[in-house]
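First comes the structure, then the notes that go with it.
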Protein chains: 2
Amino acid sequence: MEIITCNCSDCEHRSCARHVPIFSQLNKVQLERVLSLIKRRKYKKGEIILFEGNESKNLMIINRGKVKAYRYTPEGKEQILSIYSSGDFIGEMNILINQHSTYNAEALENTHICMIYKEDFEKLIHDYPDISLNIIEELVKRLEKTQSMLQSLGTKDIESRIGTMLLDFARNYGKDNKEGVLINLPLNREGMANYIGVTRETISRKLNALQEESIIEIIGNKKILVKNIEALSQSV
Amino acid sequence: MEIITCNCSDCEHRSCARHVPIFSQLNKVQLERVLSLIKRRKYKKGEIILFEGNESKNLMIINRGKVKAYRYTPEGKEQILSIYSSGDFIGEMNILINQHSTYNAEALENTHICMIYKEDFEKLIHDYPDISLNIIEELVKRLEKTQSMLQSLGTKDIESRIGTMLLDFARNYGKDNKEGVLINLPLNREGMANYIGVTRETISRKLNALQEESIIEIIGNKKILVKNIEALSQSV
DNA sequence: CGGCTTGTTGAACGTGATCAACTGGAGTGG
DNA sequence: CCACTCCAGTTGATCACGTTCAACAAGCCG
């Protein structure tokens with residue numbers, strides 16, 4: 001017997017609300033209500049989903065794809081704040097507190113977004129207070145992650161920053177295999193540079209150095225195999 | 001007629017719950033209930049309130065004083081994550097999600113803390129869901145602030161990082177006067193260095209440079225007068 | 001007043017940024 | 001299917017800036 005995963009648009013639409021941490025406490029009926037409020041939208045790789053300074057009237061939940069949140073430094077360089085993927089929400093500034101977005105969000109690949117209109121979402125929270133608790137949990141986790149990034153950027157030693165980033169990628173986008181962890185990089189070299197606040201050239205050189213130490217293996221531009229994750233961990 | 005501000009311990013105790021953003025929606029009766037759950041504790045300057053890795057069974061609300069939250073970088077240097085003052089809470093890792101603290105918290109001056117036991121706080125949130133919304137608001141603001149710090153540390157130009165810090169201090173600890181904004185520094189030179197990820201010597205040199213440009217005036221080690229706040233702003 | 005911590009200043013050093021030239025690979029069109 | 005283009009990535013050489021190390025000065029506490 002064959003297991004069929006349905007990919008029809010209706011089913012995909014339904015997965016907007018399921019598997020989303022902030023709705024995890026809701027029962028079937030409640031989820032149906034959430035679904036009825038959702039509008040979907042697709043973004044192509046490279047498209048901007050959210051602009052810094054703009055106000056959006058929707059909470060945006062990532063259903064499929066990856067998104068980078070970033071700002072520009074005074075020098076005009078892009079500083080990536082975070083990478084979000086399916087199940088994560090963005091646009092919290094507009095919806096959870098009444099402010100304009102403080103970052104840009106760009107689709108790193110073709111991305112499907114589920115949108116809930118602000119006032120609808122406020123009613124949801126009011127009716128199902130458990131959603132608030134889930135949001136709090138998610139926000140505390142984001143805060144912790146951002147603080148870790150902060151700690152990493154406060155570190156002078158750039159090898160250690162790269163180590164932190166690679167470990168982070170290994171956890172989120174890596175697949176274990178017999179030789180180590182194979183990472184499908186969510187960012188190109190320039191993106192990685194903007195993630196840890198260095199230049200593209202430095203990333204190139206340092207990754208090479210790690211490869212010469214046999215800690216990683218660079219497979220084209222889109223993949224990295226981490227062969228010695230302990231060596232990476234202890235540098236951090 | 002004279003206005004008398006009561007400083008008796010009972011009144012001070014009551015201010016634990018009043019003026020605290022997360023309880024701002026509560027009425028008098030509800031506040032009384034919160035007050036009945038609070039235990040107070042005093043910390044001397046330099047004492048550690050919260051240890052990274054420890055679990056505390058209390059949410060801690062700062063009633064008086066200032067607290068720095070920090071971690072250590074791989075190199076063993078202290079990285080300050082945030083400075084909290086009266087009305088702010090710490091210990092969210094222990095209470096809001098079930099994890100050990102991810103940072104240390106140290107009293108920057110003599111500090112009074114109001115503590116609410118975890119299970120009591122959970123009941124409070126359950127009974128008064130507005131508290132959750134206030135917590136969400138506070139967490140989003142903290143996230144935004146941490147992201148701004150991240151952006152600042154991603155910036156190579158150190159004058160700009162110092163500018164960001166001074167503007168932050170001016171907003172939170174500054175008093176306007178005819179010559180500019182007088183900042184009562186919450187941190188000493190080393191603290192400032194650990195806040196923006198540089199060395200104490202660099203802080204010293206850069207503050208001097210800013211003084212020579214007549215942008216600031218260094219008044220002893222505890223105060224700085226920002227004479228030209230625009231100049232500072234435009235470097236950021 | 002003396003001892004100790006905190007801050008300042010100077011000189012040399014090292015590391016990542018910058019600039020520039022080159023390479024490789026993906027995508028396009030003939 | 002190959003040739004061409006163009007952008008991403010690499011590599012090398014130089015430079016600039018903040019760190020480091022060291023000595024000294026100033027505050028602050030008893």
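Here is the naming used below: chain letters follow the sequence lines, and residue numbers restart at 1 for every chain. Quantities reported herein were computed from a predicted structural model and do not represent experimental measurements.
A salt bridge links Lys68(A) and Glu78(A); the closest N-O separation between the charged side-chain nitrogens and carboxylate oxygens is under 4.0 Å.
Contact between the side-chain N/O atoms of Thr199(A) and the OP1/OP2 oxygens of dA17(C) is found at a separation under 4.0 Å. Under 4.0 angstrom from either OP1 or OP2 of dG18(D) there lies at least one side-chain N or O belonging to Lys206(B). Between Arg189(A) and the phosphate of dT10(D), there is a side-chain N or O to OP1/OP2 separation shorter than 4.0 Å. Taking 4.0 angstrom as the limit, Asn208(B) places none of its side-chain polar atoms (N or O) nearer than this to OP1 or OP2 of dT8(C). Phosphate contact (OP1/OP2 of dG16(C), side-chain N/O of Thr202(A), threshold under 4.0 Å): absent.
The closest side-chain heavy-atom distance from Lys57(B) to Asn94(B) is not below 4.5 Å. In this structure the side chain of Tyr195(B) never reaches within 4.5 angstrom of the side chain of Gln79(B), judged on heavy atoms. Residues Thr111(B) and Arg64(B) fail the side-chain proximity criterion, which asks for heavy atoms closer than 4.5 Å. Counting heavy atoms from C-beta on, the side chains of Val67(B) and Glu106(B) never come closer than 4.5 Å.
Rounded to a whole Å, the CZ atom of Arg161(A) is 10 Å from the C1' atom of dG16(C). Taking atom CD1 of residue Ile203(A) and atom P of nucleotide dT15(C), one finds them 18 Å apart after rounding to whole Å. In this structure, the CE atom of Met192(A) is 8 Å from the P atom of dT10(D), given to the nearest Å. Separating the NZ atom of Lys222(B) from the C1' atom of dT5(C) is a distance of 12 Å, rounded to the nearest angstrom. When rounded to the nearest whole Å, the span between CD1 of Ile196(B) and C1' of dG18(D) equals 12 Å. What separates CD of Gln211(A) from C1' of dG9(D) is a distance of 14 Å, to the nearest Å. Across the protein-nucleic acid pair, Arg200(B) atom CZ and dC21(D) atom C1' stand 12 Å apart, rounded to whole Å. Across the protein-nucleic acid pair, Asn221(A) atom CG and dA26(C) atom P stand 8 Å apart, rounded to whole Å.
A donor-acceptor contact under 3.5 Å is not formed by the side chain of Glu190(A) with the base of dC7(D). Contact of Arg205(B) with dG7(C) (side chain to base): no donor-acceptor pair of N or O atoms is detected under 3.5 Å.
Where Lys156(A) and Gly220(B) each meet DNA chain C at their nearest nucleotide, the meeting point lying more 5' is that of Gly220(B).
Closest to the side chain of Glu201(A), from the set dT19(D), dT11(D), dT8(C), is dT11(D).
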